[in-house]
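Taking it in order: structure first as structure tokens, then the write-up.
Sequence lines set the chain letters: A, B, ... in the order given, protein chains first and strands last, and positions in each chain run from 1.
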Amino acid sequence: MDNPLDNQVKHIVADLFGIPLEDVTERTAPENVSAWDSLQHLTLVLELERVFGIQMQPEEVTDLTSVGAIVTFVTAKAGSSLEV
Amino acid sequence: MGQVESHIQTEAQDRGDPRASVAHWKRAWKASRSGATANRILREIETVVPDSPLRPVRLKVLRSYTVEPIIPWLRAEALLHDLNLDVDVGGFGSFAHEILADNSELYQEQYDVMLLATQTRDWSAALWSQFADLDPEKVFEERDRVLRDIETLIAAVRSRTTATLLVTNFDQPAVPCLGLADRQAECGQIEVLTEMNRRLAAIVRRSPAVHLIDYDGLTARFGRKEWVNEGQWQTTRLPVASAHIGDLASAWVRYLRAVTLPARKVLVTDLDNTLWGGILGEDGLNGIIVGKDHPGWRYREVQRALLDLHRRGILLAIASKNDEAEALECIDSHPEMLLRSKDFAAIRINWNDKAQSVDEIARELSVGTDSLVFLDDNPVERENMRVRRPEVHVLDLPEDPAAFAAALRDDTSFDSLVLTEDDRDRNRYYAEHRKRRAAQVESQTRDEFLEILAQKVTIAPADDRSVVRIAELTRKTNQLNMTTRRYAQGEIQALVQDKGVAVLSVRVEDRFGDNGVVGVLILRRTDARVEIDTFLLSCRVIGRSLEPAILSYVARFCEEWGAKEVVGWYRPTTKNGPAATVYSDCGFRKVEQDPEGDTLWRLDLASALPTTPASIEIHGEVPVHG
């Protein structure tokens, strides 16, 4: 919860899909957000890449199945590049 | 992150002012360009649509690849130019069918612009990734097939809609299939694609209201290797890496701006620390910095960029706080200056507020202040201009003067996709114009001035050469314009084909030179009545008694065309005051006034017709009766 990336990811999800920030939780996922279809998932991936300065492999993209999974993934990926 | 922007909506709503909302969105977008910002802004736009000060533009994207994530960026970027883009996206990869099908829904809608967005690899896998398999004969066959196909599509769009069509050209791969040998091979991949782009440009040149988007140049500018994320392309068919989505969107918007909005006309520049380094009043003529070598090249580059604008027909003007005599002497005698005082159409060197100087410059050049671009190194002057004259476009300049020239060249205000002969000649017109002014000052009376001018007016049906200029005039002319109807080139082209419509260009020559095409008439006939849909004259020739001469020609023209009466609306705007009395001065009678204040004027061709002043010669064919 103290993870600063957590808040950033939730902001992005809220803005992209047009849902109130307070409704975004770790369990927020494509199956419970109507706007989160495959094209919007691509938009989300592009946004994560830009904001966190990372590049994702196609295999990784399909693993981003919820906000919680995204935070874990971005933390690992961006965290490692930040240490360089 | 997002603290400022998340309050946009409430703040703007509190003010209840759509203009304030638009200003907020622009600031939010410039501060943080992202998909999230774009989506947030676009949701808010829906709430102010009815009173939006934005100009609506309907765009159809016909595409061979995924564009959906790009669209919000495109719409947000367009806001910076006060455009509200309404975007429809065609089916994935079905653009050819949509364009060619007999009952295609594409043509049921009224789009302002269609964008055909494709890449080389979508037209031909052979020319993209299998090039090494092909012998030259097959390569040429494939090249010709692709060009034939795209030409067919362009022709179909052109014949079935008046929308302006933008077509992306063929991009090159980062590394050609033949490797190092490619550029010197007899039939190399890069050479073939370059040739295809040359031929595509030729197709576009001969198709009215069709323009090229230099997609290849765009990928080159940002690096072909980095432009696409191949993994993403293979899985999602997105042609652009996340880092370049904004670059693609702003490039497209630059073209959309150029086809929907008129280019600005005048660049007003400062002198000290802008055209040269240092302060003339303190450093003196020998102390200021400008020249071919370091460090003066920075300022010489700015002058070179201004000179290029000048060659394209942009007028240059000076607004500087300096001693006038000293500054003019410097401009004309400093050996390293590229620009001289003759290159400037208007000069204000004094100690006044620059807002006042730009007002005077606009008046002297007969343009609105919304046609001006302001170049000044001083952030305080820039902010003053932004606040006092928000309609003037103020260039955002970087700190480093070495980057001034690039910022100037990259600005979109002067963008136009076609350079007409009139653009190239514009500065000559204004030089002649100064001589005319001098003659006017010397003349005792107006009639005497008209005698000296000895104007010759030639009125001719629109042809392929003049349609570009005619459309441009309908979009740019604000003052002597009876109805201020704006037409795209494609729409003018369609009117030319219409038997019930006459589209005429008005060219004016005088003793001091050829003014070029400076007027437009669009006449619509219904039985024995002709309506003047459009009558406009460029500000270049205002106040020269041309109106009665042209309307007397119109009367004769309409009589021969089989009409008994001519009618025309005057639709007042904030700028066309000079047009208010044209019809009454020429013997038309007011017959109608609608609630908006528009008035309809009528001339009975059986009654006294307007007469051509004796000093004006008028030439023009009249139609064969029928």
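Within a 6.0 Å sphere centred on CD of B:Glu399, heavy atoms belonging to other residues, nucleotides or ligands number 12 at most. Within a 6.0 Å sphere centred on CD of B:Glu105, other residues, nucleotides and ligands contribute 12 heavy atoms or fewer.
Looking at B:Arg33, the atoms closer than 4.5 Å to chain A (heavy atoms on both sides) all sit in the backbone: N, CA, C or O. With a 4.5 angstrom heavy-atom cutoff, B:Leu238 touches chain A only via side-chain atoms. For a residue to count as touching a neighbouring chain, one of its non-hydrogen atoms must lie under 4.5 Å from one of that chain's; by this rule A:Val45 touches chain B with the side chain only. Contacts between B:Trp233 and chain A at a heavy-atom distance below 4.5 Å are absent for every atom of the residue. The contact between B:Thr235 and chain A is made entirely by side chain atoms (from C-beta outward), counting heavy-atom distances below 4.5 Å.
Of the residues considered (B:Thr66, B:Leu42, B:Ile70, B:Thr236), B:Thr236 shows the highest number of contacts with chain A, using heavy-atom pairs under 4.5 Å.
Of all non-hydrogen atoms in B:Gly231 and A:Pro58, the two that sit nearest each other are O-CG, 3.8 Å. Across all non-hydrogen atoms, the minimal contact from B:Ala36 to A:Glu47 is N-OE2, 2.9 Å. The shortest heavy-atom contact between A:Leu16 and B:Asn39 is O-ND2, 3.0 Å. Considering every non-hydrogen atom in both A:Phe17 and B:Arg43, the closest pair reads C-NH1, 4.2 Å.
Once rounded to the nearest 0.5 Å, the distance linking OG1 of B:Thr37 with CD1 of A:Ile12 reads 9.5 Å. A:Thr43 contributes atom OG1, which lies 7.5 Å from atom CD1 of B:Ile245 (distance to the nearest 0.5 angstrom). B:Ser242 contributes atom OG, which lies 9.0 Å from atom CD1 of A:Ile54 (distance to the nearest 0.5 angstrom). Taking CZ of B:Arg237 as the start and CG of A:Leu42 as the end, the distance is 13.0 Å to the nearest 0.5 Å.
Under the side-chain contact (heavy atoms from CB on, under 4.5 Å) rule, B:Gln232 has a single partner from A:Gln55, A:Glu49, A:Met56, which is A:Glu49.
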